[in-house]
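For reference, the structure discussed in these notes is given below.
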There are 2 protein chains.
Amino acid sequence: MEEKAEPRWLGREETEIWFTFGTMVTSLPDALDAQLQRDAGISFFEYQVMSMLSMSPQHTRRMSELAALANGSLTRLSRTVDRLNKRGWIIRRPDPENGRYTLAVLTDAGWDKVVATAPAHVEEVRRAVFDPLTKAQLRQLRDISTRIGRTVHPDGCLPTLPEPDPAEVAVRDTRP
Amino acid sequence: MEEKAEPRWLGREETEIWFTFGTMVTSLPDALDAQLQRDAGISFFEYQVMSMLSMSPQHTRRMSELAALANGSLTRLSRTVDRLNKRGWIIRRPDPENGRYTLAVLTDAGWDKVVATAPAHVEEVRRAVFDPLTKAQLRQLRDISTRIGRTVHPDGCLPTLPEPDPAEVAVRDTRP
DNA sequence: GTGGTTGACTTGCCGTGTCAACTGTCTAGC
DNA sequence: GCTAGACAGTTGACACGGCAAGTCAACCAC
């Protein structure tokens, strides 16, 4: 008796789309990493972590929130914060409201680093993503990303961009 | 005097697009890796390498070609082939036509592994990428990926999907 | 043909990420 | 209260990828 249905193979057309898309998906992070490493000596993930903190109230976040915002595991964040802490850009503090949490806080030096790093990074993002696309394509990309993101993310809880801290609009668009 | 122009910051709209897109770009590879690791005990990159070989004439490719097709560095491929070789799925052979090249060849066991692994993987790709998008969105995604891919890839030489080996149409749509 | 150069890998070392096990903190149930 | 569990985070052991240096074949130039 039949146990499995015939797999729904990809056709030639679909294979091409998938190949092109897959190539882009793997190359883009490499390009962003390369730019940041070259110009600022930090990785994309490290930049994301500091950038997210720079947009957060008091430049502070709980570790677990921060991990979700930066799309990384808690372990990865813990190690990354170790490194950034050694470089003087982030400090840890226990959360006074609940001792189980740890707060990551961006130092002044960390803030300065983000401010110094952001322009070239944003420029690279524009060059790679925004400039080559039309306005219509950007809208399409948003919709497509939302749909794919939903299927990939468990229990429908996509991370959401934090509301910018009104006190710090200067770099509210730093995110990446 | 002015040394630098004011950076072209991202606006609120753009920041949102970039955040959504970035989240998708980082989560999707994780999801594919997770499925392959769980169901077949191999990484996405390892699968890509074997899949590309399975689509190549004689199930054979030069290392450098294979690295480009699978979007990885030569170092990464060399180490990956080491692992797959230890598992009995790939062997190395010097290229008789030019001793500088090394050929990677998929073994029969490697072929069987790809054939056994492909259906569940393709299903996951469909679930994550194809099913949630309309036909129009797929076309849009192809165009968008092509444009972004061009800006990100040096000297305009994007890797191209190999023509399938007519003798092996069975899994010609295995890619990803 | 032989000395130098280039091209195609391979490898030693190191940084980074993951999994699993562990520590410390809070919360429930009794 | 006090013990059991659930959370939040850290850490040790290991896997993996990158860089730079090393190997080995091929292609000159003379």
Side-chain angles (χ1 to χ4, degrees), chain A residues 26-27 29-38 40-50 53 60-87 90-105 155 157, chain B residues 26-27 29-38 40-49 53 60-87 90-105 154-155 157:
Chain A
T26 56
S27 315
D30 291 354
L32 298 179
D33 255 322
Q35 181 272 321
L36 282 168
Q37 204 65 57
R38 177 166 40 78
I42 59 178
S43 70
F44 181 51
F45 185 68
E46 288 170 331
Y47 177 78
Q48 273 187 313
V49 168
M50 291 203 287
L53 281 182
T60 297
R61 283 269 168 192
R62 293 175 174 171
M63 293 289 285
S64 35
E65 284 175 10
L66 191 51
L69 282 174
N71 294 306
S73 69
L74 198 47
T75 298
R76 186 180 185 187
L77 179 67
S78 184
R79 304 226 192 259
T80 302
V81 168
D82 278 349
R83 291 194 298 275
L84 297 178
N85 174 36
K86 273 184 201 120
R87 302 231 245 165
I90 288 186
I91 57 175
R92 280 185 237 248
R93 230 158 30 77
D95 187 337
E97 293 181 9
N98 185 333
R100 277 189 296 202
Y101 292 98
T102 302
L103 299 177
V105 186
D155 41 53
C157 65
Chain B
T26 56
S27 315
D30 290 353
L32 298 179
D33 255 322
Q35 180 273 321
L36 282 167
Q37 204 64 56
R38 176 166 41 78
I42 59 177
S43 70
F44 181 51
F45 186 69
E46 288 170 331
Y47 177 78
Q48 273 188 313
V49 168
L53 280 182
T60 297
R61 283 269 168 191
R62 294 174 174 171
M63 292 289 283
S64 34
E65 284 175 11
L66 191 51
L69 282 174
N71 293 306
S73 69
L74 200 46
T75 298
R76 187 180 186 187
L77 178 67
S78 185
R79 305 222 196 262
T80 301
V81 168
D82 278 349
R83 290 193 300 273
L84 296 177
N85 174 36
K86 274 186 200 117
R87 302 231 243 165
I90 288 185
I91 56 176
R92 279 185 236 249
R93 233 160 26 80
D95 187 337
E97 294 181 10
N98 185 333
R100 277 189 297 201
Y101 292 96
T102 302
L103 300 176
V105 187
D155 41 53
C157 65

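Lettering follows sequence order; numbering is per chain, from 1.
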| message | Taking the minimum atom-to-atom distance to the side chain of A:R92, which one of C:dG17, D:dT10, C:dC9 wins? | response | D:dT10
| Can you name the side chain to side chain donor-acceptor pair (under 3.5 Å) partners of B:E65, sequence neighbours left out? |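 For B:E65 the side chain to side chain donor-acceptor pair (under 3.5 Å) partners, ignoring immediate neighbours, are B:R61.
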| field | Pairing residues for B:S27 by the side chain to side chain donor-acceptor pair (under 3.5 Å) criterion, not counting sequence neighbours | value | A:H153
| query | Quick one: salt bridge (charged side-chain N to carboxylate O under 4.0 Å, His left out) pairs with a partner in residues 94-105 of chain B, sequence neighbours left out? | reply | B:R62-B:D95
| query | Between the two ends of the helix from C:dG1-D:dC30 to C:dC30-D:dG1, what is the bend in degrees, rounded to 10 degrees, where each end axis spans five pairs? | reply |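 Here the local axes at opposite ends form an angle of 10°.
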Less than 4.0 angstrom between a side-chain N/O of [X] and OP1 or OP2 of [N], yes or no?
X      : N      : result
A:S78  : D:dG9  : no
B:T102 : C:dA8  : no
A:R83  : C:dG17 : yes

| field | Spacing between A:E46 atom CD and C:dG15 atom P, to the nearest angstrom | value | 13 Å
I'd like a table of donor-acceptor pairs (distance under 3.5 Å, sequence neighbours excluded) in which one partner is a side-chain atom from residues 72-84 of chain A, with atom names and distances.
from	atom 1	to	atom 2	distance (Å)
A:S73	OG	A:R76	N	3.0
A:T80	OG1	A:R76	O	2.8
A:T80	OG1	A:R83	NH2	3.3
A:D82	OD1	A:R92	NH2	2.1
A:R83	NE	A:E46	OE2	3.0

| query | How does protein contact run along nucleotides 18-24 of chain D, one letter per nucleotide 5' to 3', with B for base contact, S for sugar-phosphate only, - for none, heavy atoms under 4.0 Å? | reply | BBB----
| Where each residue is assigned the nucleotide of DNA chain D containing its nearest heavy atom, which of A:L103 and B:P96 is assigned the position nearer the 5′ end? |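 That would be A:L103.
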